[in-house]
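Since the structure comes first, as structure tokens, the remarks are kept for the end.
Each chain gets a letter, A, B and so on, in the order its sequence line appears, and its residues count up from 1. Remember, it's a predicted structure, so these values are computed and weren't measured experimentally.
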Number of protein chains: 2
Amino acid sequence: MRRIASDRDGLLAMIGEVFREHGYEGASLALIGAATGLGKGSLYHFFPGGKEEMAGAVIAHIDGWFEDNVFAPLRDSADPRAGIGQMLEATDSYFRSGRRVCLIGAFALEESRDLFAGQIKDYFGRWVRHLADALARSGHTEAEAAELAEDAVASIQGALTLARAAADASVFSRALRRLRMRFGLPTDSEPLAAR
Amino acid sequence: MRRIASDRDGLLAMIGEVFREHGYEGASLALIGAATGLGKGSLYHFFPGGKEEMAGAVIAHIDGWFEDNVFAPLRDSADPRAGIGQMLEATDSYFRSGRRVCLIGAFALEESRDLFAGQIKDYFGRWVRHLADALARSGHTEAEAAELAEDAVASIQGALTLARAAADASVFSRALRRLRMRFGLPTDSEPLAAR
DNA sequence: GACTCATTGTACCGTTCGGTACAATACTCC
DNA sequence: GGAGTATTGTACCGAACGGTACAATGAGTC
């Protein structure tokens, strides 16, 4: 059988989509093998720890992407407001404007949460903290910033759930637009039921 | 073996907790049997359609509870603002102030969503719609009400995810408090990092 | 007591699960 | 070409999966 995934990044991305689509329990090795074009021999060669190691590596891979594309702008941007805008754009892009679901959020709800509790807590904790820092630097009090940040990350997660439930990605787009408005950033999309 | 669940409501509640805790895939008949004290013979007697029928019945059961305790106040309360307050109280009570997770939200993210897509879409759709109606009756424009309602339900769902991820139920309490403030309702709990 | 029907425990079915063993093949460097 | 390592396909394992069959038991009615 031909090897489809040519590098570890691509391989993790493929496996990640299987976990994202089927959850930890639902992602069988047969599905992972079909999605990657790899047999069990190869999979266990790259991930001797089996399914659990695969999922852990996928979470770390996603975490790394968010670190580079979502958290870094929040942390490093000279203009904190611009950093927040970049965060929202990266978020929109990652979740394909609501057509993709948050794997780490889904893992947080299943029983798999126990296996990856540390990684999951860390991911969301850093998101909220970096956003709160950026908000504080842009003029909000510490308390305001903490509340706003927690609310924003929760809104994003909830909007992903609702968008999936309604099979309507625009739910997610509207949520992001509301966040832009709340943070005083320019918006271009239309509000719901505008006339 | 002694029958623990004495009526269908209690039985559905027990099965529901297994699905809530383990997800659709993770909730094995062995777990359900252990939680209810019923063997396969009994389970398939009450639910000839097997696991899928059980999950469907659990969703319908939860949906009915929300209809009576969450949607009804929104729909029927003479004072729409009071109805919204009742909704938030019932929600807080149902999710045990963030220690419980939303089974229907979790199902929306897994592959089980395909099996129950109609029920899931209906549940969230009615929640948003009834809340939007109440907000419109309390003076908001239709467009404002729709945005506020969608944002509120998303915030609740997202806060449940974050609370579970952080293993910190207070995340959910703070989200509900912010919603009360946003809707101009009295709050009694403390804000985050208040001094 | 006899009939009825709901409820239950148990044995069993074929399938799939995650995981292991291992020999065969490909690749790399000398 | 040969040695050594990386990768792969395949056969197999025991356990657990969802589901079925069915006889035994329970409770209520006449």
**Residues R113(B), E21(A): salt bridge by 4.0 Å N-O rule** = yes

**Item:** Those residues of residues 19-31 of chain A lying under 4.0 Å from DNA chain C by at least one heavy atom
**Value:** A27(A), S28(A), L29(A), A30(A)

**Prompt:** Does K40(A) get its side chain close enough to the base of dG9(D), under 3.5 Å, for a donor-acceptor pair?
**Reply:** no

**Asked** When the distance from OH of Y44(B) to C1' of dC13(C) is rounded to whole Å, what number comes out?
**Response** 13 Å

**Short N-O contact, D151(A) and R182(B), less than 4.0 angstrom** = yes

**Asked** Quick one: which of dT20(C), dG18(D), dT8(C) gets closest to the side chain of F46(B)?
**Response** dT8(C)

**Request:** To the nearest Å, give me how far apart CZ (R8(A)) and P (dT7(D)) are.
**Result:** 11 Å

**Request:** For F116(B), enumerate each residue passing the ring-ring contact (aromatic ring centres under 6.0 Å, His included) test, keeping only those at least two apart in sequence or located in another chain.
**Result:** Y24(B), F107(B)

**Prompt:** dT7(C) phosphate, OP1 or OP2: any side-chain N/O from H45(B) under 4.0 angstrom?
**Reply:** yes

**Request:** Report yes if a donor N or O on one partner sits less than 3.5 Å from an acceptor N or O on the other, where the partners are the side chain of K51(B) and the base of dG19(D); otherwise report no.
**Result:** no

**Message:** I'd like to know if the side chain of T141(A) reaches the main chain of E144(A), judged simply by a donor and an acceptor atom lying under 3.5 Å from each other, with no hydrogens or angles considered.
**Reply:** yes

**Message:** I'd like to know whether M54(B) forms a side chain to side chain contact (heavy atoms under 4.5 Å, CB included) with L29(B), so could you lay out the CA-CA distance, the side-chain angles of the two residues, the decisive distance to 0.1 Å, and finally the verdict.
**Reply:** CA-CA 10 Å; M54(B) 294 179 210; L29(B) 292 180; 3.8 Å; yes

**Item:** N-O pairing of D122(A) and R129(A) below 4.0 Å
**Value:** no

**Prompt:** dT7(C) C1' sits how many Å from L43(B) CG, rounded?
**Reply:** 12 Å

